[in-house]
There are 2 protein chains.
Amino acid sequence: MSIKALAQQLNISIGTVSRALNGRADVNPETRKRVLAAAEAMGYVANQSGRSLRQGTTNVIGFTIETNVETKTQGDTFFMSVFDGVQTVFARHKLDLVVLPCASEDDPFDHVRRVVSRQFADGLILSATQRTDPRIDFLIERGIPFVTLGRSLSGGEHSWIDMDFEGIAARSVARLVAGGHRRIALANTERGINLSYIFEESYRAALASHGIAYDPDIVIRGEITELGGYRVCDRLLALPEPPTAVVLVNENLAIGFYRRLLDAGLTPGRDMAIIGLRQSPQARFLSPALTCYRLSLHDVGVELAQSLLATMPAYKDQYPLGVVQKIWPMELVPGESDPPLGAG
Amino acid sequence: MSIKALAQQLNISIGTVSRALNGRADVNPETRKRVLAAAEAMGYVANQSGRSLRQGTTNVIGFTIETNVETKTQGDTFFMSVFDGVQTVFARHKLDLVVLPCASEDDPFDHVRRVVSRQFADGLILSATQRTDPRIDFLIERGIPFVTLGRSLSGGEHSWIDMDFEGIAARSVARLVAGGHRRIALANTERGINLSYIFEESYRAALASHGIAYDPDIVIRGEITELGGYRVCDRLLALPEPPTAVVLVNENLAIGFYRRLLDAGLTPGRDMAIIGLRQSPQARFLSPALTCYRLSLHDVGVELAQSLLATMPAYKDQYPLGVVQKIWPMELVPGESDPPLGAG
DNA sequence: GATGTCATCGTAAACGTTTACGGCCTTGTT
DNA sequence: AACAAGGCCGTAAACGTTTACGATGACATC
């Protein structure tokens, strides 16, 4: 079903058919109606390769994720919510979102380089942002429009959206200190991912602001999975002087963490105060209820999409946002997992 | 960086350059080496649009998912694991996997139709298969190679891979009956998705084979989320004669189900025997340990990819599998959530 | 030396679009 | 009546590939 067949059917030149379909001004309204009707009837849709080749544009936005389940930064439900928000924006512009999973055996940098050189997409959304991320420098050098989900030291002035990790660290520590806790552990993610540094620095700053000394023994980095949470708790309990409270960089950790406490005959909250990160379906039914923070991932997706469009020449007049660097605010959801020391 | 620029650089015709890059036989080994070196040096990669236009092939495989987090979630790492398996196969053939999320506002059929008409991919993997699924008929009619994750009544002879839901239903019921249970509930997913029918029919057949009457009051369909599990338990407990055991169509249900029991002062396992579906990281730390079934999602992904290649003309000689219709075997992982009636 | 074979390479068409350009016809203006 | 303006449309080039076809030259065979 090429445009040629459609044109022959209508006895019109393919040039006119193309103009009619693309809403150009110099075509008789009558003719346009005929063309649109015939296209609809014959189920004609412009071939994307032909169009891309001619205009150098694909009408596709790529969203990279990493599928390494062991070291994953976020899971299916996190990203699906974000995708959903992203699509509500792109749908209005006839842009298609495609997710580009980077396999666990694959290198994220090579992955992006392949995506770019094959000219898959007009713009890119990057996740799992590293502290120094060669993908960012590469995209800037190539002039590819992009936004990252998560900050980075690389690249200087590019758009990103991130969660308010420093706010969370500060508020969590303050809340625990207010509850009488002085020995507050940190369950962090592995180095590499930038949030690991941000979260830990904010935690240290918060401790310092309350006059509490930093103790590296109770800062533990590992996989942010349920099993990872179990292991973190394991290590903390094995210390000569275990902490009385812990701040988690990810709520999935809480699931294993709770279990490890219970296995030791301890009660989450009473015997160890816990503050998680994001309110999520998985952590929702923990008991005692996990104190954590809420945000709308759908809205994050919307903002990601808009920020990306703001960097694309064809859309920046519709989205005059400039460079967006936004720390997403998160709302405290108090639970019963972090009572004052000695309570209960 | 077009092939023309590369050819000029080398003082060779673009035809020869193309043949050299594509490993054709009729090119001097010496020349080929020069071309490959120059391509590497200049960072040349063939433009995908040009190539697709010429050969009518995209070297892309699409994997459709639905992003409605409210009504259905597989485990939090379900799709990531599958993607990872799929990629290990496609990487060997220089095929790129792209995930095509269908937004919650969008219709899955329209979504597939758009994907096809824009000629995004050479082949498709479908998930969330409906009992009668118009997408399947459409793809067959258009002659697009595809595989589905999940069976369907539509389409007749196409390739699919599915989990062994009838085996699980049968074994779960048998196991519970052996434990003395006679009033066994079913927590099922909503109608539409084919597995809802398969699981329920198998459950009914299993009951019948043990001489147990079917009671529609204890078959509950709803969202397969943590919250959905809570609600299912809520309804079961409100019955005049609650069941003594329940079989879950999805392990996420178990998380809310446990919580509802505990909120009622009941003990999962002792007061209500529970058998979940798949062993997953989220359900791993439930206590008592959830009896469930294990499979390798990575391997499912591998098989999906191979089955798809087997239907694609360009690869079917390398994967002479014919039409694959495979019910994936799952291994019982006994827990403590389904003790014999009256035990404990 | 004529002929055939083979390796290697260049030429040009084709894929399906979009769009700059020019041409025709109608309409309006003087 | 002559001319200008503008609406509408056809023509053809261009995007970056791949590939069928033919050309060239080297070499061997008789």
Side-chain angles (χ1 to χ4, degrees), chain A residues 1-36 38-39 42-60 94 96 114 116-122 142 313-314, chain B residues 1-36 38-39 42-60 94 96 114 116-122 142 313-314:
Chain A
M1 229 3 64
S2 73
I3 199 174
K4 187 152 65 172
L6 185 58
Q8 278 175 346
Q9 176 84 8
L10 288 163
N11 246 14
I12 306 184
S13 79
I14 62 174
T16 303
V17 171
S18 175
R19 281 191 297 267
L21 291 171
N22 291 359
R24 285 238 156 351
D26 56 346
V27 45
N28 191 320
E30 181 78 15
T31 313
R32 185 191 311 279
K33 219 168 358 176
R34 275 181 60 213
V35 172
L36 290 177
M42 299 175 69
Y44 168 80
V45 179
N47 177 291
Q48 188 58 42
S49 299
R51 169 176 286 179
S52 299
L53 188 55
R54 168 66 214 224
Q55 1 190 70
T57 187
T58 65
N59 293 329
V60 167
K94 292 187 186 298
D96 284 305
R114 270 205 316 280
V116 168
S117 58
R118 294 194 54 181
Q119 288 154 274
F120 255 147
D122 294 341
R142 291 295 194 96
Chain B
M1 228 4 61
S2 73
I3 199 175
K4 187 152 62 171
L6 185 58
Q8 278 176 344
Q9 177 84 7
L10 287 163
N11 248 13
I12 306 183
S13 79
I14 62 174
T16 303
V17 172
S18 175
R19 280 190 299 266
L21 290 172
N22 292 359
R24 287 236 152 358
D26 57 346
V27 47
N28 192 319
E30 183 79 15
T31 312
R32 185 192 311 279
K33 221 174 347 181
R34 277 182 57 213
V35 171
L36 289 178
M42 300 176 66
Y44 169 80
V45 178
N47 176 291
Q48 187 58 41
S49 299
R51 168 177 286 177
S52 298
L53 188 55
R54 169 64 215 223
Q55 0 191 70
T57 186
T58 65
N59 292 328
V60 167
K94 293 186 188 296
D96 284 304
R114 270 205 316 279
V116 168
S117 58
R118 294 196 52 182
Q119 286 152 274
F120 255 146
D122 295 341
R142 290 296 195 96

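Chain A is the first sequence line, chain B the second, and so forth, proteins listed ahead of strands; every chain is numbered from 1. Being a predicted model, the structure only gives us computed values, none of them experimental.
Using modelled atom types, no side-chain atom of Arg34(A) and backbone atom of Pro29(A) make a donor-acceptor pair closer than 3.5 Å. Side chain of Arg32(B) to main chain of Ala20(B): a donor-acceptor pair is present (N/O by atom type, distance under 3.5 Å, no hydrogens or angles). Formation of a donor-acceptor pair under 3.5 Å by the Arg118(B) side chain with backbone atoms of Gln48(A) is not found in this model. A donor-acceptor pair under 3.5 Å links the side-chain atoms of Asp122(A) to the main chain of Thr58(A), judged by distance alone.
Counting only heavy atoms from C-beta outward, the side chains of Ile3(B) and Tyr44(B) approach each other to under 4.5 Å. Counting heavy atoms from C-beta on, the side chains of Arg51(A) and Asn59(A) come closer than 4.5 Å.
Here Ser49(A) lies out of heavy-atom contact (under 4.0 Å) with every strand.
With Ser18(A) as the partner, the side-chain contact (heavy atoms from CB on, under 4.5 Å) test is satisfied by one option alone out of Asn22(A), Thr16(A), Ile14(A): Asn22(A).
The CG atom of Leu6(B) sits 8.5 Å away from the CD1 atom of Ile12(B) when rounded to the nearest 0.5 Å. Put simply, CZ on Arg114(B) and NZ on Lys94(A) are 9.0 Å apart, with the number rounded to the nearest 0.5 Å.
Of all nucleotides in DNA chain C, those with any atom nearer than 4.0 Å to a heavy atom of chain B start and finish, going 5' to 3', at dT8(C) to dG16(C).
For the residue pair Ser52(B) and Ser49(B), no side-chain donor N or O sits within less than 3.5 Å of a side-chain acceptor on the partner.
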Report summary line: In 5'-to-3' order, the base (B), backbone-only (S) or no-contact (-) status of each nucleotide in nucleotides 6-11 of chain D, using a 4.0 angstrom heavy-atom cut-off, is --SBBB
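One end of the helix from dG1(C)-dC30(D) to dT30(C)-dA1(D) points its axis 60° away from the other end's axis, with each axis taken from 5 pairs and the angle rounded to 10°.
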